[in-house]
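For reference, the structure is listed below as structure tokens.
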Amino acid sequence: MERLQGLRGMVDLLPQQTALWQKIENTARHHFKRAAIPEVRTPLLENTELFLRGIGESTDVVGKEMYSFLDRGNRNCTLRPEGTASVVRAAIQHGLLTQGPQKFWYAGPMFRYERPQAGRQRQFHQIGIEALGFKDSRSDVEVISIAWDLLRDLGLKGLTLEINSLGDLADRLRFRKDLISWLEERRGNLDASSQDRLKSNPLRILDSKNPSTQELLKDAPSLSDALGEESKTRFEQVKEGLQNLKIPFKLNPLLVRGLDYYTHTAFEITSNQLGAQATICGGGRYDGLIEQLGGTATPAIGWALGMERLVLLTSKIEPEIKKSEADVYIVNRGAKAESIALFITRSLRLKNRIVELDSSGSAFSKQLKRADKSGARWAIIIGDSEAEKDQFILKDLRSEKVSSGETLSMKTLFQRFS
RNA sequence: GCGGGCGUCGCCAAGUGGUUAAGGCAGCGGCUUGUGGCGCCGCUAUUCGGGGGUUCGAAUCCCCUCGCUCGCCCCA
């Protein structure tokens with residue numbers, strides 16, 4: 001038989017890795033709890049329409065990366081490529097926004113059909129927060145600070161926070177017009193994909209990685225100049241807020257981001273240790289999205305961070321998380337001994353001891369060797385003849401010398417471990 | 001979707017056209033029918049990701065395919 005393999009870009013996390021994942025998840029939960037943010041869990045599968053309208057049809061995510069299919073009832077379904085649209089959908093659907101502004105966090109797998117590479121999988125995992133109904137610039141600062149503190153708490157170094165303002169809808173439309181006409185005149189000097197974007201998504205040309213396009217853009221009309229007065233002061237407030245909190249940031253006037261729903265503040269946190277996929281956290285304000293998805297116009301802001309990339313970074317500074325070791329390893333052999341062993345194992349577990357039971361039936365020397373290797377502190381040795389006489393041997397596996405252990409009755413044994 | 005690198009046992013890894021495909025780790029068994037960290041001995045790939053071809057002969061050369069990996073695009 002040919003061996004079956006997992007799907008491309010779908011990764012198994014083995015026990016060696018899950019310890020680190022749990023550590024990161026726990027840290028994140030702790031930060032959310034401190035900020036009084038509750039969790040929401042939404043389905044992995046949504047109506048394709050949600051993402052078409054939410055993320056934008058001209059984006060790469062929607063255009064070429066979605067896992068979409070018809071279900072048995074001919075519904076057009078998509079495995080969620082990101083979390084924000086779902087959270088907003090759920091909030092609208094359940095009328096949560098009528099109860100005033102609210103924040104949520106979420107965590108879970110997302111799906112994008114891309115070529116896997118370092119820090120990028122087809123099923124990947126994000127942790128994110130969404131603050132719905134918050135208009136003030138202080139909420140931008142608060143939300144960014146939560147991400148920043150979380151990453152610092154994980155001990156990460158070499159992080160850069162970049163921010164930009166995309167302005168409101170009117171600003172963007174005005175700028176879009178200016179940019180298009182300026183670029184049209186220089187169309188010949190643009191790289192191929194930027195030429196395509198001139199029609200579909202001209203703002204994205206700004207953060208083209210193509211060097212000659214970047215060179216050309218140095219003299220292009222700038223987004224920051226196109227911002228209206230209100231947008232400008234708003235952005236100033238965000239910058240001041242970050243300064244007050246001593247959160248270092250870099251202005252990046254070319255930071256546009258790939259999803260259509262962003263307005264005003266857009267930001268990214270990158271690491272200098274990751275290779276090509278350096279963004280570990282990305283987010284921004286999306287004041288138009290909720291209305292776009294059929295809710296009443298509500299301002300909002302959020303971010304998401306990529307677990308795989310966080311794990312990559314954290315594993316560099318956290319070389320080894322020890323596997324959890326048992327308190328007690330139960331060595332046993334013989335019919336009578338084996339049934340008593342099971343009883344003792346369960347009893348000790350009910351006393352909250354971590355107990356590993358050897359059910360191999362192999363020679364005592366073998367079992368003891370495994371006991372030693374397991375890292376357990378104690379071994380309880382159960383043999384047939386002793387078990388008959390209510391005698392059990394307790395050995396300290398961490399003692400300096402190999403000891404013969406002490407002989408105890410079951411009652412005293414349990415007392416030792418209560 | 002496009003480029004580069006790679007694919008030999010659970011893991012690491014030698015072998016680069018010629019009789020039985022090194023070695024290490026892990027695993028299993030024994031020395032020790034019932035007692036741990038050491039040691040010693042033995043066992044563990046008819047087969048080199050899969051398929052096809054070249055050849056008297058291939059893990060070694062060619063083609064296809066699958067997978068991994070790095071990068072482009074894009075994003076977390």
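Naming: A, B, ... by sequence-line order, numbering from 1 per chain.
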Could you tell me whether A:Lys135 atom NZ has more than 12 heavy atoms of other residues or ligands within 6.0 Å of it?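 It does not: A:Lys135 NZ has 12 such atoms or fewer within range.
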Can you tell me the base-pairing partner of [N]? Count Watson-Crick or G-U wobble geometry only, both distances below 3.5 Å, and say none if there is no partner.
{"N": "B:C48", "answer": "none"}
{"N": "B:U33", "answer": "none"}
{"N": "B:U16", "answer": "none"}
{"N": "B:G71", "answer": "B:C2"}
{"N": "B:C11", "answer": "B:G24"}

Base, sugar-phosphate alone, or nothing: which one does [X] contact when heavy atoms must sit under 4.0 Å apart?
{"X": "A:Ala118", "answer": "sugar-phosphate"}
{"X": "A:Arg115", "answer": "base"}
{"X": "A:Asn201", "answer": "nothing"}
{"X": "A:Ser385", "answer": "base"}
{"X": "A:Gly119", "answer": "base"}
{"X": "A:Ile280", "answer": "sugar-phosphate"}
{"X": "A:Arg204", "answer": "sugar-phosphate"}
{"X": "A:Ala363", "answer": "sugar-phosphate"}
{"X": "A:Thr84", "answer": "nothing"}
{"X": "A:Arg333", "answer": "sugar-phosphate"}
{"X": "A:Gly63", "answer": "nothing"}

Just by distance, with hydrogens left out, do [X] and [Y] show a side-chain donor and acceptor under 3.5 Å apart?
{"X": "A:Ser360", "Y": "A:Arg370", "answer": "yes"}
{"X": "A:Tyr286", "Y": "A:Glu130", "answer": "yes"}
{"X": "A:Asp171", "Y": "A:Ser231", "answer": "yes"}

Is the shortest side-chain N/O distance from [X] to OP1 or OP2 of [N] below 4.0 Å?
{"X": "A:Gln117", "N": "B:G71", "value": "yes"}
{"X": "A:Arg370", "N": "B:C28", "value": "yes"}
{"X": "A:Arg197", "N": "B:C74", "value": "yes"}

Which residue, A:Cys281 or A:Ile393, contacts RNA chain B at a nucleotide closer to its 5' end, judged by nearest heavy atom?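 By nearest-heavy-atom nucleotide position, the 5'-most residue is A:Ile393.
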Taking the nucleotide of RNA chain B with the closest heavy atom to each, which residue, A:Arg8 or A:Leu274, is nearer the 5' end?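 Result of the comparison: A:Arg8.
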Starting at [atom1] of [X] and ending at [atom2] of [N], how long is that distance when rounded to a whole Å?
{"X": "A:Lys366", "N": "B:G29", "atom1": "NZ", "atom2": "C1'", "result": "6 Å"}
{"X": "A:Tyr329", "N": "B:G37", "atom1": "OH", "atom2": "P", "result": "14 Å"}
{"X": "A:Trp378", "N": "B:G36", "atom1": "CH2", "atom2": "P", "result": "18 Å"}
{"X": "A:Gln121", "N": "B:U69", "atom1": "CD", "atom2": "P", "result": "6 Å"}
{"X": "A:Glu308", "N": "B:A76", "atom1": "CD", "atom2": "P", "result": "13 Å"}
{"X": "A:Arg377", "N": "B:G37", "atom1": "CZ", "atom2": "C1'", "result": "15 Å"}
{"X": "A:Trp105", "N": "B:A76", "atom1": "CH2", "atom2": "P", "result": "19 Å"}
{"X": "A:Asp358", "N": "B:G27", "atom1": "CG", "atom2": "P", "result": "13 Å"}

For the [atom1] atoms, the ones on [N] and on [M], what distance do you get once it is rounded to whole angstrom?
{"N": "B:C11", "M": "B:A45", "atom1": "P", "value": "15 Å"}
{"N": "B:G67", "M": "B:G23", "atom1": "C1'", "value": "27 Å"}
{"N": "B:U33", "M": "B:G37", "atom1": "C1'", "value": "23 Å"}
{"N": "B:C28", "M": "B:A21", "atom1": "C1'", "value": "22 Å"}
{"N": "B:G15", "M": "B:C72", "atom1": "P", "value": "33 Å"}
{"N": "B:G7", "M": "B:A13", "atom1": "P", "value": "10 Å"}
{"N": "B:G49", "M": "B:A59", "atom1": "C1'", "value": "12 Å"}
{"N": "B:C25", "M": "B:C41", "atom1": "P", "value": "12 Å"}

Spell out yes or no: do the side chain of A:Ser362 and the base of B:G29 have one donor N/O and one acceptor N/O closer than 3.5 Å?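 No pair found.
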B:G71 base to A:Gln277 side chain: any donor-acceptor pair below 3.5 Å?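 It does not, because no donor-acceptor pair links the side chain of A:Gln277 to the base of B:G71 below 3.5 Å.
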Residue from A:Arg80, A:Arg75, A:Arg89 passing salt bridge (Lys or Arg N to Asp or Glu O under 4.0 Å) with A:Glu46: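 When salt bridge (Lys or Arg N to Asp or Glu O under 4.0 Å) is applied between A:Glu46 and each of A:Arg80, A:Arg75, A:Arg89, only A:Arg89 qualifies.
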What's the spacing between A:Leu161 CG and A:Leu151 CG if we round to 0.5 Å?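 Between A:Leu161 CG and A:Leu151 CG, I get 10.0 Å after rounding to 0.5 Å.
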Separation between OH of A:Tyr262 and CG of A:Asp260, rounded to the nearest 0.5 Å: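 Rounded to the nearest 0.5 Å, the OH-CG separation comes out at 11.0 Å.
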Go through [options] for me and flag the one nearest to the [X] side chain.
{"X": "A:Arg257", "options": "B:A76, B:C74, B:G37", "value": "B:A76"}
{"X": "A:Gln126", "options": "B:C72, B:A76, B:C31", "value": "B:A76"}
{"X": "A:Ser365", "options": "B:U32, B:G37, B:A76", "value": "B:U32"}
{"X": "A:Lys395", "options": "B:U35, B:G34, B:A76", "value": "B:U35"}
{"X": "A:Lys369", "options": "B:G36, B:G34, B:G27", "value": "B:G36"}

Might you point out which heavy atoms bring A:Ser222 and A:Phe175 nearest each other, and give the distance in Å?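 Closest approach of A:Ser222 to A:Phe175: C-CE1, 3.4 Å.
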Is A:Arg122 positioned over the aromatic face of A:Phe111, cation under 6.0 angstrom from the ring centre and no more than 45 degrees off axis?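 Because its charged atom misses either the 6.0 Å distance or the 45° angle limit, A:Arg122 does not stack over A:Phe111.
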